[in-house]
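What follows is a set of notes on a single structure, which appears directly below.
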Amino acid sequence: MIQTKLESFISDYLKSNNFELSNWNVAINTREGFGDYSSNVALILSKKIGKNPMEIAEAIVGYQNKEEELFSVSATKPGFVNFNISINYYLDIMNSILEEGANFGKPGKHEKSANVEFVSSNPTGPLTAGHGRNTILGDMVSSILSWHGYNVTREYYYNNAGKQMRMLGESSYAKYAKKIGKDVTPPENGYVGEYLDDIADEIITKFGKDLDSNSEHFRAFTEEKIFDSIKNTLKSLRIEFDLFSQEQKFYDNGGIDNVLKKLDELSLTYKKDGATWFKTSGLGKEEDKVLVKSTGEPTYRLPDIAYHIDKVDRGFDLIVDIFGADHIETYPDVLLGLKALGKRTDHIKVIVHQFVTLKKDNQVVKMSTRKANFITLDDLIDQLGVDVVRYFFIMRGANSHLDFDFDLAKDESEKNPVYYLQYAHARISNLITRYDSDINQKTGLDLSLLIEKDEILLIKKLSAFPTKMGEIHESLEPSKLATYLQEVAASYHKFYGNHKVIDHNNIPLSYARKNLCNATQIILKTGLSILGITAPEKM
RNA sequence: GCCCCGGUAGCUCAGCUGGAUAGAGCAACGGAUUUCUAAUCCGUAGGUCACAGGUUCAAAUCCUGUCCGGGGUACCA
């Protein structure tokens, strides 16, 4: 990779002069007129050796072996060292894109495994727009890891045994009772969503009108129906899980008792106010946390520690948890628990995303499954399409609050960023078809004919793909891929608008440009497929 | 009170491991359609990077404080 070469060029210079310096860098330039890459090394060195930075920069320029053809070095004003990379370097990369196609930039296969836990919504109601971010983020993070050679397990962890599920059963019964004319007051703080009416109808059809409130059908059947709907939503989002894990398992197999017992042996728990506390203060935290409530029910932390022990023991090389901002307080406790019990945690990555503010009819919709005040993910998919939904939920960084304006997303669907990307792809498809029937030149490719500014910029943008994917692997931020693809599409549309590809008077150039289109299409298609968004041939 | 995110153009957000003239989309305004798909392109306008200090040759970026918004703070998960 070129950046490494530039860095070693500079370290060679430093070594040959016996300068010890560590915090300099070589960075890609986004601004025009300063070369492709720049280094701040002279500015930093200047302070250390008390010399004018510009002089140092000039010295580095002079250090270059003039035979070097890959790049040229120059110095500018305050003391930056700028590198201009030979176009041949970029053309070589373009050749690789054309040769390797969908595999371009992909690291070789390695035998690593990863587990990504996401959604993890309990089956108390359909997936809402609020769940969309976690769901789609998790799926794309999984795809990014797969692309980088991981064997990924997508895992959905849920609890169908707790208080909320009991409440769901009671709420379901209340709906049923009302429909068969019984006077039953619904549970306080129960669920009231319309989806429960539909389920109550089904219960009547299937099991009749003589069920009493104790019937298991209210809880079990309701849960089953809701889970079916969740799975359907996931399916329409093109998401497939490898594993569904139940919290109940860790009650049944003693995992939870075991955690309590071991923590107790380590003197990390104590009783107070009828509750069992986790002495996290002994592990560097300011406050202790409750593991078992005074009612005897564990808090979220305890089973989650047991669950994570299970995940760690399954031996993954990487474990990723996708959590909403509401978990930000609890996950450090889970990690502390794991550490205290002697488990590895250095391979656990927690991605905390901020919440989505959904706006509809100019109002903020507060999401609450219980109060049935929500827009479902299905609603969004129906109105906007899967591609738009997938894109909108990841177009912002996970750390930013996401404003999802339903009306705007719908109104603007024709000038949507998603369509901008897809249109670039479709345009290329059409063009290539046209080229094949009009010219159909297939030998004698000479990419060096691509000398226009728009062509060069596009080629450089495409060449950045492997580096960009590396950054995305590091940060696990799909939004960065979306941004990059927008830049690729913009470069392409610009090139397309300013230059004609098919020119019967200049077949060699036509052929070179057609290959530039091919390369662009490969990058767009690869990127879109990682995002799980379709790359249409026609629009 | 304490903890975690965020505050950048009218709106939604990039940029944040410090670098040169702070970017994009939408909205506004003005252009391009004898055409390889105008779902596009070109141009104009739009900024106290919340505020105040500090560190530095250099701060939107790092540190401290203040203000504002979101989330959390056992008995919702």
Side-chain angles (χ1 to χ4, degrees), chain A residues 23 25 27 29-34 38-40 43-44 46-47 53 76-80 82 120-122 124 158-159 162-164 167 189 247 272-278 285-301 303-304 324-330 332 352-355 357 368-370 395-405 408 411-424 426-435 438 479-480 482-483 486-487 489-490 492-503 510 513-514 517 538-539:
Chain A
N23 52 346
N25 65 19
N29 251 327
T30 47
R31 199 182 303 279
E32 267 184 75
F34 297 109
S38 293
S39 177
N40 60 358
L43 292 159
I44 293 176
S46 117
K47 187 166 185 203
T76 46
K77 278 186 289 177
F80 286 101
N82 297 328
S120 294
S121 169
N122 289 340
T124 57
Y158 66 102
N159 174 18
K163 181 178 163 189
Q164 293 308 314
M167 186 77 86
N189 288 324
E247 183 179 316
K272 195 178 94 181
D273 303 334
T276 306
W277 294 69
F278 183 17
K285 295 275 280 187
E286 293 200 358
E287 288 175 345
D288 293 339
K289 296 290 166 59
V290 172
L291 286 176
V292 184
K293 301 174 204 168
S294 50
T295 59
E297 283 184 280
T299 62
Y300 165 86
R301 288 181 185 83
D304 219 39
D326 51 347
H327 277 71
I328 206 149
E329 191 76 8
T330 47
V352 177
H353 62 86
Q354 300 300 310
F355 281 142
T357 308
S368 164
T369 304
R370 201 170 321 162
M395 66 197 277
R396 306 304 178 206
N399 262 342
S400 292
H401 295 267
L402 176 64
D403 247 43
F404 198 123
D405 189 324
L408 198 71
D411 285 350
E412 285 189 345
S413 62
E414 296 232 326
K415 39 185 86 166
N416 215 291
V418 188
Y419 296 135
Y420 186 81
L421 286 180
Q422 294 183 319
Y423 183 56
R427 241 184 174 179
I428 294 171
S429 294
N430 185 66
L431 184 64
I432 290 173
T433 307
R434 181 66 70 100
Y435 176 93
D438 280 16
S479 67
K480 290 185 195 290
T483 305
Q486 285 293 332
E487 290 167 5
Y492 181 77
H493 283 309
K494 195 178 165 86
F495 155 73
Y496 182 95
N498 290 337
H499 305 284
K500 211 137 155 85
V501 172
I502 295 173
D503 179 356
S510 298
R513 285 183 171 162
K514 181 249 171 188
C517 294
K538 279 191 178 144
M539 283 177 81

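This one's a predicted model, so the numbers in the text were calculated from it and none came from an experiment. Numbers restart at 1 for each chain; the letters A, B, ... are given by sequence-line order, proteins then strands.
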Listed partners of Thr76(A) passing side-chain hydrogen bond (donor to acceptor under 3.5 Å, both in side chains), at least two apart: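 side-chain hydrogen bond (donor to acceptor under 3.5 Å, both in side chains) check on Thr76(A) returns Asn82(A).
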Which residues share a side-chain hydrogen bond (donor to acceptor under 3.5 Å, both in side chains) with Glu487(A), sequence neighbours left out: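 Lys461(A).
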According to a strict under-4.0 Å criterion, is [X] in side-chain N/O contact with OP1 or OP2 of [N]?
X: Tyr419(A); N: rG25(B); value: no
X: Lys494(A); N: rU40(B); value: no
X: Lys47(A); N: rC57(B); value: yes

For [X], report the nucleic acid contact type (base, sugar-phosphate, nothing); a contact means any heavy atom under 4.0 Å.
X: Ala426(A); answer: base
X: Asn122(A); answer: sugar-phosphate
X: Thr299(A); answer: sugar-phosphate
X: Thr76(A); answer: base
X: Asp304(A); answer: nothing

Spacing of Asp288(A) atom CG relative to rU73(B) atom C1', expressed in whole Å: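 Spelled out: CG on Asp288(A) to C1' on rU73(B) is 14 Å.
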Side-chain donor/acceptor of Ser38(A) to base of rA20(B), under 3.5 Å: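 Pair found.
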Would you measure the distance from the [atom1] atom in [N] across to the matching atom in [M] and give it in whole Å?
N: rG23(B); M: rG15(B); atom1: C1'; answer: 7 Å
N: rG25(B); M: rU66(B); atom1: C1'; answer: 33 Å
N: rC76(B); M: rG18(B); atom1: C1'; answer: 43 Å
N: rG6(B); M: rC16(B); atom1: C1'; answer: 13 Å
N: rA50(B); M: rC57(B); atom1: P; answer: 25 Å
N: rA9(B); M: rU61(B); atom1: P; answer: 15 Å
N: rC75(B); M: rC4(B); atom1: C1'; answer: 23 Å

Per Asp326(A) side chain, nearest of listed nucleotides rC5(B), rG71(B), rA74(B):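 Looking only at heavy atoms from C-beta outward on Asp326(A), the closest nucleotide is rG71(B).
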Of the listed nucleotides rA20(B), rC57(B), rU40(B), the one nearest the side chain of Asn29(A):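 In terms of side-chain proximity for Asn29(A), the closest of rA20(B), rC57(B), rU40(B) is rA20(B).
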Dot-bracket notation for RNA chain B, counting Watson-Crick and G-U pairs under 3.5 Å, with | for partners on another strand: ((((((((.[[[[.)...(...]]]].(((((.......))))).....[[[[[..)....]]]]])))))))....
Base-contact (B) and sugar-phosphate-only (S) positions in nucleotides 11-19 of chain B, heavy-atom cut-off under 4.0 Å, - elsewhere: -BSSS---B
Contact state string [nucleotides 31-36 of chain B, B base, S sugar-phosphate only, - no protein heavy atom under 4.0 Å]: ----SB
Asn159(A) vs Ala424(A), nearer the 5' end of RNA chain B by closest nucleotide: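 It is Ala424(A) whose nearest nucleotide is closer to the 5' end.
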Earlier contact from the 5' end, RNA chain B, for Ala489(A) and Pro417(A):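 Going by which nucleotide is closer to the 5' end, it is Pro417(A).
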Tyr300(A): ring pair (Phe, Tyr, Trp, His ring centres under 6.0 Å) partners, not counting sequence neighbours: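 Checked Tyr300(A) against ring pair (Phe, Tyr, Trp, His ring centres under 6.0 Å); matches are His327(A).
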Lys/Arg cation over aromatic Tyr496(A): Arg427(A), 6.0 Å, 45° cone: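 Yes, a cation-pi geometry.
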